[in-house]
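To start, the structure under review is shown below, and the notes come after it.
Ligands are counted one by one from 1 in listed order, and the atoms in each one are counted from 1 as well. The shown structure was predicted, so the numbers you read here are calculated from the model rather than taken from an experiment.
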Amino acid sequence: MNKMVVANFKMNLSLEDVELYVQQLKGNISDKVNVVICPSFPFLFMFKSDEYKVGAQNSFYLNEGSFTGEVSTTQLKSLGVSYIIVGHSERRLYSKEDNDLINNKIKNILSNNLKPILCIGETKEERALHKTSIVIKKQIEQCLKDMDKDMLSDLTIAYEPIWAIGSGLTPKIVEIEETVNYIKTICLSKYKADNIKVLYGGSVNRNNIREINNIGGLDGVLVGSASWSARGLIEIVNNIE
Ligand code: 13P
């Protein structure tokens with residue numbers, strides 16, 4: 001199966017930047033990699049191509065209504081979005097999202113036949129206390145509450161240690177491998193789900209992508225700052241085939 005590269009622009013790039021990005025990307029993305037580009041909401045419609053898929057960075061947990069400032073999964077679907085990042089640590093931190101809300105968002109995304117990318121990961125303090133496995137298990141169990149194997153067939157989980165995001169630091173390769181396989185084991189034993197894809201995210205860049213890509217059981221990467229230029233993303237994708 002093709003590896004995945006998910007590009008999370010976060011709150012970056014202007015209209016001008018995006019115009020240039022789209023132009024530079026054209027014809028430069030390998031069809032051997034499943035690339036998902038997640039720009040800010042206003043620019044989603046500008047990313048339409050057979051070369052990659054488009055993802056959103058967030059969505060609301062209801063389909064419509066009086067929820068000023070929110071964007072629904074159904075609206076995103078009408079724009080051609082196929083993936084939605086949910087539960088990113090930055091949303092947990094700055095928008096106070098908790099596992100219950102994330103659970104509702106995932107249910108809504110799945111009910112609209114889109115693919116959630118659930119982000120989980122431990123803080124620096126939790127890691128220092130050797131609590132990574134406990135934290136991850138709790139996040140999975142609470143975020144995937146009331147779900148079964150069939151519902152989870154479209155789910156991707158991204159393991160993003162919070163301390164590794166934007167810091168230039170990553171866990172050791174063997175630690176990533178252990179955690180990725182631990183996540184798969186939980187999904188198998190708890191939900192009988194044997195086809196969940198697991199990505200790694202947190203300071204993935206041109207220098208470490210090859211080594212990370214070789215990790216056994218890993219299905220791809222979730223990339224932040226290294227994907228904020230088309231050249232940067234192309235470089236990551238070229239190293240992952
Ligand atoms: P960086 O690649 O900039 O560390 O960001 C990772 C991330 O948060 C992707 O969702």
Sort and list the pairs that fulfil side-chain hydrogen bond (donor to acceptor under 3.5 Å, both in side chains) and have at least one residue in residues 33-51, not counting sequence neighbours. Asn34-Tyr83

With a 4.5 Å cut-off on side-chain heavy atoms, are Thr156 and Pro116 touching? no

Is the shortest heavy-atom distance from the side chain of Lys131 to the side chain of Arg127 under 4.5 Å? no

Say whether Gly166, considering both its backbone and side-chain N or O atoms, lies within less than 3.5 Å of an N or O atom on ligand 1. yes

N or O contact, Gly224 vs ligand 1, cut-off under 3.5 Å: yes

Residue Leu222 vicinity, atoms of ligand 1 by number, heavy atom under 4.0 Å: 9 (C), 10 (O)

Which of the numbered atoms in ligand 1 are under 4.0 angstrom from any heavy atom belonging to His88? 7 (C), 8 (O), 9 (C), 10 (O)

So which heavy atom in the protein is nearest atom 3 (O) of ligand 1, and how far is it from that ligand atom? Ser225 N, 2.9 Å

Using heavy atoms and a threshold below 4.0 Å, how should the contact between Asn8 and ligand 1 be classified: side chain, backbone, both, or neither? side chain

May I ask you to check whether Gln75 and Ser78 show a side-chain donor-acceptor distance below 3.5 Å? no

Ser203 near ligand 1, heavy-atom distance under 4.0 Å? yes

Please check if the side chain of Asn104 supplies one atom and the backbone of Tyr61 the other of a donor-acceptor pair under 3.5 Å. no

Pick, from Glu160, Lys10, Glu90, the option with the minimum heavy-atom distance to atom 5 (O) of ligand 1. Lys10

Please table the atom pairs, donor to acceptor, closer than 3.5 Å between any side-chain atom in residues 4-19 and protein atoms at least two apart or in another chain.
{"from": "Asn8", "atom 1": "OD1", "to": "Lys10", "atom 2": "N", "distance (Å)": "2.9"}
{"from": "Lys10", "atom 1": "NZ", "to": "Glu90", "atom 2": "OE2", "distance (Å)": "2.8"}
{"from": "Asn12", "atom 1": "ND2", "to": "Phe9", "atom 2": "O", "distance (Å)": "2.9"}
{"from": "Ser14", "atom 1": "OG", "to": "Glu16", "atom 2": "N", "distance (Å)": "3.4"}
{"from": "Ser14", "atom 1": "OG", "to": "Asp17", "atom 2": "N", "distance (Å)": "3.2"}
{"from": "Ser14", "atom 1": "OG", "to": "Asp17", "atom 2": "OD2", "distance (Å)": "3.1"}
{"from": "Asp17", "atom 1": "OD2", "to": "Ser14", "atom 2": "N", "distance (Å)": "2.8"}

